[in-house]
Amino acid sequence: MESFAVEVRQRTVLIASFDEVIRAIAFKKDEVTSDLLCVQIELADGQLIELNEDARGFEDWLRRVDGLPGADPDWRAKVIQPPFARNETLLFLRQNQGSK
């Protein structure tokens, strides 16, 4: 399966496969005058990674996850409203994983 990279300050800090993604939770951070869309990713090895909309490739990553079985097709609507609230929402849960 296809993989993705996470970069911080133009340095690759993680390369993982979409097969390794167990769960993704979308939420917003209140940035005083706007909201910052974020996703916390849990990998099969227990690593937690946080991405946000300022990261290069973030929207491409979201489109790929949107197409995975188990992705919530309505997650954006759940996260966006109301503004300035965290609105934590399960974006993706790999089937047969259950809750931890």
Side-chain angles (χ1 to χ4, degrees):
M1 163 132 321
E2 173 181 358
S3 60
F4 62 95
V6 176
E7 294 183 3
V8 175
R9 293 181 196 93
Q10 299 180 338
R11 181 172 172 244
T12 301
V13 294
L14 171 79
I15 297 176
S17 166
F18 281 98
D19 285 340
E20 296 176 75
V21 177
I22 299 301
R23 178 187 343 247
I25 298 172
F27 59 94
K28 292 185 317 221
K29 287 185 179 176
D30 182 355
E31 299 280 301
V32 181
T33 59
S34 65
D35 284 330
L36 181 67
L37 179 59
C38 303
V39 174
Q40 182 185 62
I41 305 162
E42 179 183 349
L43 298 179
D45 67 3
Q47 285 188 78
L48 294 176
I49 300 110
E50 186 175 304
L51 303 176
N52 68 57
E53 63 187 320
D54 290 338
R56 184 169 47 130
F58 182 72
E59 284 297 324
D60 291 335
W61 188 89
L62 286 176
R63 278 191 289 280
R64 180 66 182 96
V65 171
D66 281 341
L68 295 176
D72 179 354
D74 300 320
W75 72 267
R76 281 187 192 259
K78 294 173 183 174
V79 172
I80 290 172
Q81 292 298 326
F84 304 110
R86 185 172 172 93
N87 300 335
E88 192 170 295
T89 301
L90 183 64
L91 160 61
F92 170 77
L93 177 63
R94 184 153 312 274
Q95 295 174 353
N96 301 320
Q97 290 299 313
S99 298
K100 288 186 177 180

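Keep in mind that the numbers below use all heavy atoms, side chains included, and drop hydrogens, waters and symmetry copies.
For the atom pair E53 CD and S34 OG, the distance stands at 7.5 Å (nearest 0.5 Å). With values rounded to the nearest 0.5 angstrom, L90 atom CG is found 13.0 Å from F27 atom CZ. For the atom pair CD1 of I22 and CG of L43, the computed distance is 8.0 Å after rounding to the nearest 0.5 Å.
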Enumerate donor-acceptor pairs with a distance under 3.5 Å from any side-chain N or O in residues 73-83 to protein atoms, sequence neighbours excluded.
{"from": "W75", "atom 1": "NE1", "to": "D66", "atom 2": "OD1", "distance (Å)": "2.8"}
{"from": "R76", "atom 1": "NH2", "to": "E59", "atom 2": "OE1", "distance (Å)": "2.9"}
{"from": "K78", "atom 1": "NZ", "to": "D72", "atom 2": "OD2", "distance (Å)": "2.6"}

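Looking at every heavy atom in both residues, E42 comes nearest to L48 through CB-CD2, 3.7 Å. Nearest heavy atom pair, residue R64 against residue F18, reads CG-CZ, 3.3 Å.
In this view, D60 and R63 satisfy the salt bridge (Lys or Arg N to Asp or Glu O under 4.0 Å) rule, not counting sequence neighbours. When the salt bridge (Lys or Arg N to Asp or Glu O under 4.0 Å) test is applied to E50, the partners found at least two apart in sequence or on another chain are K29. Listed by chain and residue number, nothing satisfies the side chain to side chain donor-acceptor pair (under 3.5 Å) test with E20 (two or more places apart in sequence, or in another chain). The side chain to side chain donor-acceptor pair (under 3.5 Å) check on D45 picks up Q47, with sequence neighbours excluded.
Within the structure, every pair that satisfies the salt bridge (Lys or Arg N to Asp or Glu O under 4.0 Å) test and touches residues 30-40, not counting sequence neighbours, is listed here: K28-D35.
With hydrogens and angles ignored, the 3.5 Å screen pairs no side-chain donor or acceptor of T89 with any backbone N or O of L91. Of the possible polar contacts, none joining the R23 side chain to the F92 backbone as a donor-acceptor pair under 3.5 Å is found.
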Please determine whether side-chain contact (heavy atoms from CB on, under 4.5 Å) holds for the pair V39 and I25, giving the CA-CA distance in whole Å, both sets of side-chain angles, and the decisive distance to 0.1 Å. CA-CA 5 Å; V39 174; I25 298 172; over 6 Å; no
Under the criterion side-chain contact (heavy atoms from CB on, under 4.5 Å), I'd like the reasoning laid out for D54 against L36: C-alpha separation, chi angles, the key distance, then a yes or no. CA-CA 8 Å; D54 290 338; L36 181 67; 3.6 Å; yes
